[in-house]
Engineer: 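Let me begin by handing over the structure; questions about it come next.
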Amino acid sequence: MYFVPRIEKRPVLALVLLCLALYLPGLFTLPALDRDEARFAQATVQMHESGDYMVPHFQDDLRAKKPVAIYWMQAATSGVASALGLDSASGHPGIWAFRVPSFLAAILLSLATWRIGSAFYGNRAGLIAGALMATSVVLVAEANIAKTDASLAASIALAQLALARIWLARDPRRLDPGIGNALLFWVALAVGVLLKGPIAPMVSGLTVLGLMAASRSISWLALLRPVRGVILLLVLTLPWAVIAWTQTGGAFFGEAVGGDLLPKLAGGQERHGAPAGYYTLLLLLTFFPANMLLLPALARAWTARQTDAVMFCASWIIPNWVIFEAVPTKLPHYILPVYPAFAILVAAVMAAAFDAPDMLRSRLARINVVVWCVLSLVLAAAVVALPVLLPEGTGMEPGPWPVVGAGIFVALAVRAASYAWRGNPSGMVLALAATGVAFSWALLEFARPRVEPLWVAERVAATLEREGLLGADVASAGFSEPSLVFALGTNTRLGNGTDAALALASGDADVALVEEREADLFETAAMAAGLTLEPVGSVDGLNYSRGDRVRLVIYRRSGG
C-alpha cells in the first residue's frame with residue numbers, strides 16, 4: 001500500500017481531516033453534560049449577561065475551581081455564534097459553541113505531537129504520532145466537552161515542542177533555535193497557568209528536571225532565556241490574578257486552593273479517589289487504539305534510552321506519571337498531557353517497521369496485538385450495551401444502529417490487527433486511523449441517540465418549548481443538575497418542593513418542575529398558598545450524575 005507515503009506530503013491536511021472525522025460526531029448533537037461541562041458553559045453565559053469577564057460565577061456562586069482562560073475562549077466562540085444569529089431558543093448558542101475551543105485544541109494537540117515526533121524521528125514518525133494522538137479515546141472524548149482539559153493539553157504540547165527544539169539545540173552541531181522557541185515556551189506556559197493553574201508548569205518543569213538529570217548539564221537551559229521568560233510569564237498572568245483578587249477580596253484564590261487543589265492532594269475529592277496504578281491500567285482503554293504496539297515501543301525505548309528522543313520522552317512521562325499516580329484524586333483525563341510522549345514512542349516503532357516489517361512479527365508485538373483485539377471487543381460490547389443497560393423504565397428500544405456501528409468498528413479493528421500480524425505497516429497505520437474514526441462514530445452518533453433518557457434537561461427544555469413556555473422563569477424541585485440551568489436560563493431556581501411552590505405563589509417563577517420525590521412537599525405548600533396548578537407535561541429519565549431514575553412533572557399556575 002502506497003497511501004502513507006503520499007499522505008506524508010500533506011501532513012497538516014491529513015491530520016486536520018482525520019481530526020474532523022474523529023471530533024465532529026457528537027459536537028452538535030450531544031447535549032450539555034453534567035456536571036463540569038454545563039457549569040463551565042453556564043458560567044460563560046453569565047459572563048455575557050453580566051459583562052464581567054474576569055471572575056466566573058455559576059448563578060450566585062463563585063466559580064473558582066479553574067482560572068479564567070477557558071471562559072475567555074468559550075466567550076469568544078459563543079460570542080461569534082451569537083453575532084452570527086445562531087442563538088437557540090434558550091437565548092444563547094447551543095453547547096456546541098462552547099465546545100469549539102476544546103475541538104480546536106484537540107486538533108492543535110495532534111499537530112503539536114506531529115511536530116515533536118518529526119523533530120526526533122522524522123516526518124513519517126511525526127505524522128503517525130499526530131494520528132495516534134488524535135485517535136486516542138480520551139482525546140476524542142475531551143474534544144467534545146466544553147472544559148479545560150483539551151486546551152490545557154494543547155498548551156502543554158506547544159511548550160514541550162519549544163522545549164524539544166531547545167533540547168536538541170544543545171548539540172553544537174545544530175542551529176540555535178532562536179528566541180522564537182523560548183517565546184513559545186513561556187507564552188504556552190502562561191496560557192496553561194490561566195487554564196489550570198500549576199499543571200502546565202509542573203509538566204514542563206518536571207521534564208526539564210528529568211533532562212537535566214539525564215544530560216548532567218544545565219548550560220543548555222540558557223536557550224530558554226529563563227529570566228526574561230519568567231518575567232513574561234508573570235506579565236501575562238498577574239494582571240488577571242490581581243483583578244480577581246481585588247474583585248473577590250481574595251476569595252477566588254482561597255476557594256481555588258483551599259476548596260479545590262488541597263482536597264485533591266489530601267484525598268479522593270468528590271468520590272474520585274483511586275489507588276496508585278490506576279492510570280497504568282487505564283492506559284489500555286484511554287490510549288486506544290494508539291496502544292496497539294505500546295509494549296514493543298517501551299521495549300525499544302529502553303534499548304535506546306541514551307538517545308535524545310527517548311531521554312526527552314522519558315523525562316516527560318516518568319516524573320509526571322509518578323506524580324499523577326501519587327495524587328489521590330484521579331480522573332481519566334488528568335493524564336492526557338503526558339500521552340503525546342507515548343504516541344511519539346509508538347510512532348517511532350511503526351515508522352521503523354516500514355524498513356523492518358519483521359518488527360511487527362516479534363512475540364512482544366503479537367502479544368500486544370492480541371490484548372488490543374480483546375480491548376476492541378470490550379469497547380464494541382460497551383457501545384452495544386449502553387442503550388440496553390439503562391434502568392428499567394428509562395431505556396429505549398436500542399434498534400440496530402449501535403450494533404451496526406460496533407460491527408463496523410470491530411471489522412476495522414480486525415483489519416488493523418491482521419495487517420500488524422502479517423507485518424504490513426502501511427495497512428496497519430491506515431486501518432488504525434480508520435478504527436479510531438469508526439469507534440468515535442459508533443459511540444457518539446450510533447449509540448448516543450439511543451440513550452435519550454440520559455438527557456433530562458434537554459428533554460425538559462423541548463417540552464417547555466412545545467408548550468410555549470421556554471424562556472419563562474422556572475423553579476425546579478429535586479432536580480438540580482447544572483445542565484438544567486444552562487438549558488433553561490440563569491434565573492432557574494433550584495431547591496425543594498416547598499421552595500418551588502413558594503416561588504410560584506410569589507411570582508418569582510412561572511413554571512415549576514417537580515421531581516416525584518418532592519411531589520408531597522410541593523403539593524402541601526401549594527395548597528397552603530392557595531395555588532391552583534395545571535400540569536403541562538412530564539419527563540422520565542435517568543440522572544446519570546447520581547444514577548437515579550427521575551420523573552419530573554411540569555406545572556404552571558392555572559390560567560397562567
Side-chain angles (χ1 to χ4, degrees), residues 112-126 128-130 132-133 136 156-157 159-174 177 202-221 223-224 276-277 279-280 283-284 287 290-326 335 337-356 358-368 371 425:
T113 304
W114 157 59
R115 295 294 290 174
I116 299 171
S118 297
F120 285 122
Y121 290 111
N123 192 55
R124 175 174 292 175
I128 295 172
L132 293 177
M133 188 65 243
S136 63
I156 291 173
Q160 297 294 85
L161 171 60
L163 183 60
R165 290 170 172 168
I166 287 169
W167 166 246
L168 289 172
R170 81 193 192 289
D171 185 335
R173 293 170 296 178
R174 294 179 180 268
M202 181 195 82
V203 173
S204 291
L206 288 174
T207 305
V208 168
L209 291 176
L211 293 173
M212 289 167 55
S215 64
R216 297 183 177 87
S217 171
I218 62 171
S219 59
W220 60 274
L221 289 177
L223 297 173
L224 276 174
Y279 290 119
T280 303
L283 191 64
L284 295 171
F287 196 48
N291 52 11
M292 174 181 269
L293 295 180
L294 182 59
L295 294 179
L298 296 177
R300 187 172 187 264
W302 175 254
T303 62
R305 58 189 178 276
Q306 297 301 320
T307 62
D308 287 342
V310 173
M311 281 193 284
F312 187 87
C313 290
S315 297
W316 189 348
I317 294 169
I318 295 173
N320 286 292
W321 202 271
V322 169
I323 294 296
F324 281 116
E325 288 282 24
I335 203 70
V338 179
Y339 277 11
F342 283 113
I344 292 165
L345 293 177
V346 174
V349 170
M350 292 183 177
F354 279 76
D355 298 319
D358 285 346
M359 294 174 61
L360 301 179
R361 301 189 187 99
S362 70
R363 178 177 297 180
L364 191 58
R366 288 189 163 178
I367 289 172
N368 203 153
V371 173

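Residues take their numbers from the sequence shown, with the count starting at 1.
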Engineer: I need the L360 CG to N368 CG distance, nearest 0.5 Å.
Structural biologist: 11.0 Å
Engineer: Rounded at 0.5 Å granularity, tell me how far CD1 in I166 sits from CG in L224.
Structural biologist: 4.0 Å
Engineer: Between S315 and G210, what is the shortest heavy-atom contact and its length?
Structural biologist: OG-C, 3.2 Å
Engineer: Would you mind reporting whether W220 and L211 have side-chain heavy atoms less than 4.5 Å apart?
Structural biologist: yes
Engineer: Does R115 use its side chain to pair, donor to acceptor, with the backbone of A112 at less than 3.5 Å?
Structural biologist: no
Engineer: Dump the intermediate steps for side chain to side chain contact (heavy atoms under 4.5 Å, CB included) on F120 and L168, then the final yes or no.
Structural biologist: CA-CA 8 Å; F120 285 122; L168 289 172; 3.6 Å; yes
Engineer: Given W167 and S215, is the side-chain hydrogen bond (donor to acceptor under 3.5 Å, both in side chains) satisfied, shown in steps?
Structural biologist: CA-CA 10 Å; W167 166 246; S215 64; over 6 Å; no
Engineer: Once you round to the nearest 0.5 Å, how far does CG of L223 lie from CG of L163?
Structural biologist: 10.5 Å
Engineer: To the closest 0.5 Å, what do you measure between CZ (F342) and CH2 (W316)?
Structural biologist: 11.0 Å
Engineer: If you take all heavy atoms of A164 and I116, which pair is closest and at what distance?
Structural biologist: CB-CG2, 4.3 Å
Engineer: Can you tell if the side chain of I128 reaches within under 4.5 Å of the side chain of F354, non-hydrogen atoms only?
Structural biologist: yes
Engineer: Looking at W321 and I335, would you say the former's side chain and the latter's main chain have a donor-acceptor pair under 3.5 Å?
Structural biologist: no
Engineer: Passes side chain to side chain contact (heavy atoms under 4.5 Å, CB included), L283 versus N291? Steps please.
Structural biologist: CA-CA 8 Å; L283 191 64; N291 52 11; 5.7 Å; no
Engineer: If every non-hydrogen atom of V310 is compared with every non-hydrogen atom of R305, which pair is closest and at what distance?
Structural biologist: CG1-CA, 3.6 Å
Engineer: Does the side chain of F312 come within less than 4.5 Å of T307's, by heavy atoms?
Structural biologist: no
Engineer: How long is the straight-line distance from CG of L293 back to CG of L298, given to the nearest 0.5 Å?
Structural biologist: 11.0 Å
Engineer: Closest approach of A365 and P296, non-hydrogen atoms and distance?
Structural biologist: CA-CG, 3.5 Å
Engineer: Is any side-chain heavy atom of W114 closer than 4.5 Å to one of N123?
Structural biologist: yes
Engineer: Do R170 and D308 come close enough that some side-chain heavy atom pair is under 4.5 Å?
Structural biologist: yes
Engineer: Go through the steps for I317 and L345 under the test side chain to side chain contact (heavy atoms under 4.5 Å, CB included), then give the verdict.
Structural biologist: CA-CA 11 Å; I317 294 169; L345 293 177; 4.1 Å; yes
Engineer: Which pair of heavy atoms, one from M350 and one from P425, lies closest together, and at what distance?
Structural biologist: O-CB, 4.2 Å
Engineer: Nearest 0.5 Å, what's the OH-OG1 distance between Y339 and T113?
Structural biologist: 13.0 Å
Engineer: Heavy atoms only: give me the nearest A343-F287 pair and the separation to one decimal.
Structural biologist: N-CZ, 3.5 Å
Engineer: Are N320 and T207 close enough that some pair of their side-chain heavy atoms sits under 4.5 Å apart?
Structural biologist: yes
